Amino acid sequence: MSKPMPAIFFGHGNPMNTLTDNDFTRGWRHAGSAVVRPRAVLCVSAHWYIPGTSVTSAPFLKTIHDFEGFPRELYDIQYPAPGDPGLARDVRDLLAPLPVGLDDDWGLDHGTWSVLRHVFPQADVPVVQLSIDRTKPAAYHFNIGKQLSPLRDEGVLIVGSGNLVHNLYLYSWDRHHMIKPFDWAERFETKTREFLVSGDNDSLINYGNMGNDALLSIPTPDHYLPLLYITALRREGEPVSFPVSGFDGGSMSMLAVQIG
C-alpha cells in the first residue's frame, strides 16, 4: 500500500505574498517540491465562507480577486489551474448524507491561489475548493475533515488555507514585516502548537477555552476553521511538522502545519 498524501494547512496572510519572495513564500515553494506530485488538490479556504457546503465542480475555474486597495499588479494575476469535476463528485459522495452543492460558478479565491501559485507555480495540478459552512460550529468542520480522509490514499493533497492568528483590526499595514508579534498572539500560537503535537483535538476544537488570547487571535472563525479540517486527517502515529513559521504585522500567524 502506497504512503498516503500529506495534508497541509497554510497561513496565507497578506495577498501581497503572492508577488513577494520572502521566508513564507520560499517555505511554500519548498513544501510543493517536497511532496509527491498529487493527482489533484482539495482546498478549504477561509474566503469561501458561506451558509451551506459546496464544492467547485467546473472543469475550468476563474481566478477570483476578492480584495480591495492593492496594486494593479495583484489584480492582473491569473492562476489557470484546471478543475476536477470527478473529484468534486467524490467529495460529495464522501460527505453523504450531508447535502453538498456542486458549484460551477465559484472559482479559486485568493486564499487558494495566492499560496498555490508558489506551491505549484505551473498551475498544472487540478484544484477543487470546498466551502466552509459559516452556520456550523467547530466540531462540525472537524468531522467533515475526518470524512475526507480516504482521499489521501487516492493521491489528493488536502490543503487548508487561513491563519492560526488573524486579527486584521490590530494588523500593522505600514511596517508589517518589521513589527514584533503581540504577546497574546505568541501565547495562543505556542499553546496551539502544543495541542497539535500532542493530538489534543478537543482543545483545538474548543479553542475559546483559551480565553482572551483566543478572542484576540480569532475574532472571527473563518481563518481558523481550515486548520481543523487538516488536523482531523491525522492518523495514528503520523507526525506533525511546521514547515513555515513566523508572524506578520504583529497579529497574523503565518504558521504552516503538515500532517504526514
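Keep in mind the model is a prediction, meaning the values are calculated, not measured.
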Q.
On a heavy-atom basis, which atom in A185 and which in G250 lie closest, and how many Å separate them?
A. CB-O, 4.1 Å
Q: Give a yes or no answer on whether the side chain of T20 reaches the backbone of M16 with a donor-acceptor pair at less than 3.5 Å.
A: yes
Q: Could you please spell out the steps behind the side chain to side chain contact (heavy atoms under 4.5 Å, CB included) verdict for H65 and L74?
A: CA-CA 8 Å; H65 300 89; L74 193 57; 5.8 Å; no
Q.
So does E154 get a backbone contact from the side chain of R39, meaning a donor-acceptor N/O pair under 3.5 Å?
A. yes
Q) Minimum heavy-atom separation for W113 to I64, with atom names? A) NE1-O, 2.9 Å
Q) Are D153 and R235 within salt-bridge range, i.e. N to O under 4.0 Å? A) yes
Q.
Salt bridge or not between E238 and K3? Use side-chain N to carboxylate O under 4.0 Å.
A. no
(Q) Treating R152 as the side-chain partner and L233 as the backbone partner, does any N or O pair qualify as donor plus acceptor under 3.5 Å? (A) yes
**Q.** L130 side, atom CG; L148 side, atom CG - distance, nearest 0.5 Å
**A.** 6.5 Å
**Q.** Contact check, side chains of L255 and E189, non-hydrogen atoms, under 4.5 Å
**A.** yes
Q.
With no hydrogens and no angle check, just 3.5 Å: does a side-chain donor-acceptor pair link N22 and T25?
A. yes
Q: Would you please classify the geometry between the F67 ring and the F70 ring as parallel, tilted or perpendicular, with 30° and 60° separating the classes?
A: perpendicular
Q | Test item: side-chain donor near acceptor, S241 and Q258, under 3.5 Å | A | no
Q: Measure across F120 and G32 and return the closest heavy-atom pair with its distance rounded to 0.1 Å.
A: CE2-O, 4.1 Å
(Q) I'd like to check S161 versus V44 (side-chain heavy atoms, cut-off strictly below 4.5 Å). Are they in contact? (A) no
**Q.** Pair E186 + K191, salt bridge at N-O below 4.0 Å
**A.** no
Q. Of the non-hydrogen atoms in S251 and W184, which two are nearest, and what is the gap between them?
A. CB-CH2, 4.0 Å
Q) Given side chains that start at C-beta, do those of P126 and V41 come closer than 4.5 Å, heavy atoms only? A) no
Q | Listed once per pair and sorted, the side-chain hydrogen bond (donor to acceptor under 3.5 Å, both in side chains) pairs that draw on residues 42-57, sequence neighbours left out | A | H12-H47, S45-D109, H47-H110, H47-H223
Q) Going hydrophobic residue to hydrophobic residue with side-chain gaps under 4.5 angstrom, can you get from I50 over to L42? A) no
(Q) Any heavy-atom pair between the side chains of T135 and P51 that's under 4.5 Å? (A) yes
**Q.** Trace of the side chain to side chain contact (heavy atoms under 4.5 Å, CB included) decision for V115 with T112
**A.** CA-CA 6 Å; V115 174; T112 297; over 6 Å; no
Q | Heavy-atom side-chain proximity of V257 to I8 below 4.5 angstrom | A | no
Q: May I ask you to decide if S203's main-chain N or O and D200's side chain share a donor-acceptor pair within less than 3.5 Å?
A: yes
Q. Taking the side chain from H118 and the backbone from W28, do they hold a donor-acceptor pair closer than 3.5 Å?
A. no
Show which side-chain atoms of residues 92-103 pair as donor or acceptor with protein atoms under 3.5 Å away, not counting sequence neighbours.
unit_1: D103; atom_1: OD1; unit_2: D105; atom_2: N; d: 2.7
unit_1: D103; atom_1: OD1; unit_2: W106; atom_2: N; d: 2.7

Q.
Keeping S131 on the side-chain end and G52 on the backbone end, is there a donor-acceptor pair under 3.5 Å?
A. yes
Q: Report yes or no: do M210 and L215 belong to one cluster of Ile/Leu/Val/Met/Phe/Trp/Tyr joined by side chain heavy-atom distances under 4.5 Å?
A: no
Acceptor/donor pairs from residues 224-231 side chains to any protein atom, 3.5 angstrom cut, sequence neighbours excluded:
unit_1: Y224; atom_1: OH; unit_2: L204; atom_2: O; d: 2.6
unit_1: Y229; atom_1: OH; unit_2: H141; atom_2: ND1; d: 2.7
unit_1: T231; atom_1: OG1; unit_2: L227; atom_2: O; d: 3.3
unit_1: T231; atom_1: OG1; unit_2: L228; atom_2: O; d: 3.2

Q: List in chain and number order the residues that pass salt bridge (charged side-chain N to carboxylate O under 4.0 Å, His left out) with D213, two or more places apart in sequence or in another chain; answer none if no residue qualifies.
A: R187
**Q.** Y79/L61 under side chain to side chain contact (heavy atoms under 4.5 Å, CB included): CA gap, chis, key distance, verdict
**A.** CA-CA 9 Å; Y79 189 77; L61 301 175; over 6 Å; no
Q) Of all heavy-atom pairs between P243 and A256, which one has the smallest distance, and what is that distance? A) CD-O, 3.4 Å
Q | Side chain T63, main chain Q78, donor-acceptor under 3.5 Å | A | no
Q) What heavy-atom pair brings L168 and M252 nearest, and what distance separates the two atoms? A) CD2-CE, 3.5 Å
**Q.** pair L108-K62: side-chain heavy atoms closer than 4.5 Å
**A.** no
Q. Has the side chain of N163 got a donor or acceptor atom that lies under 3.5 Å from a matching backbone atom of V165?
A. no
Q: State which residues pass salt bridge (charged side-chain N to carboxylate O under 4.0 Å, His left out) with D23; sequence neighbours excluded, sorted by chain then number.
A: R26
Q.
Quick one: does any side-chain atom of Y207 pair with a main-chain N or O of I218 as donor and acceptor, under 3.5 Å?
A. no
Q. Can you check whether F10 reaches V119 side chain to side chain, under 4.5 Å on heavy atoms?
A. yes
Q: List in chain and number order the residues that pass salt bridge (charged side-chain N to carboxylate O under 4.0 Å, His left out) with R37, two or more places apart in sequence or in another chain; answer none if no residue qualifies.
A: D124
Q.
In the structure I gave you, are the side-chain heavy atoms of F182 and F188 within less than 4.5 Å of one another anywhere?
A. no
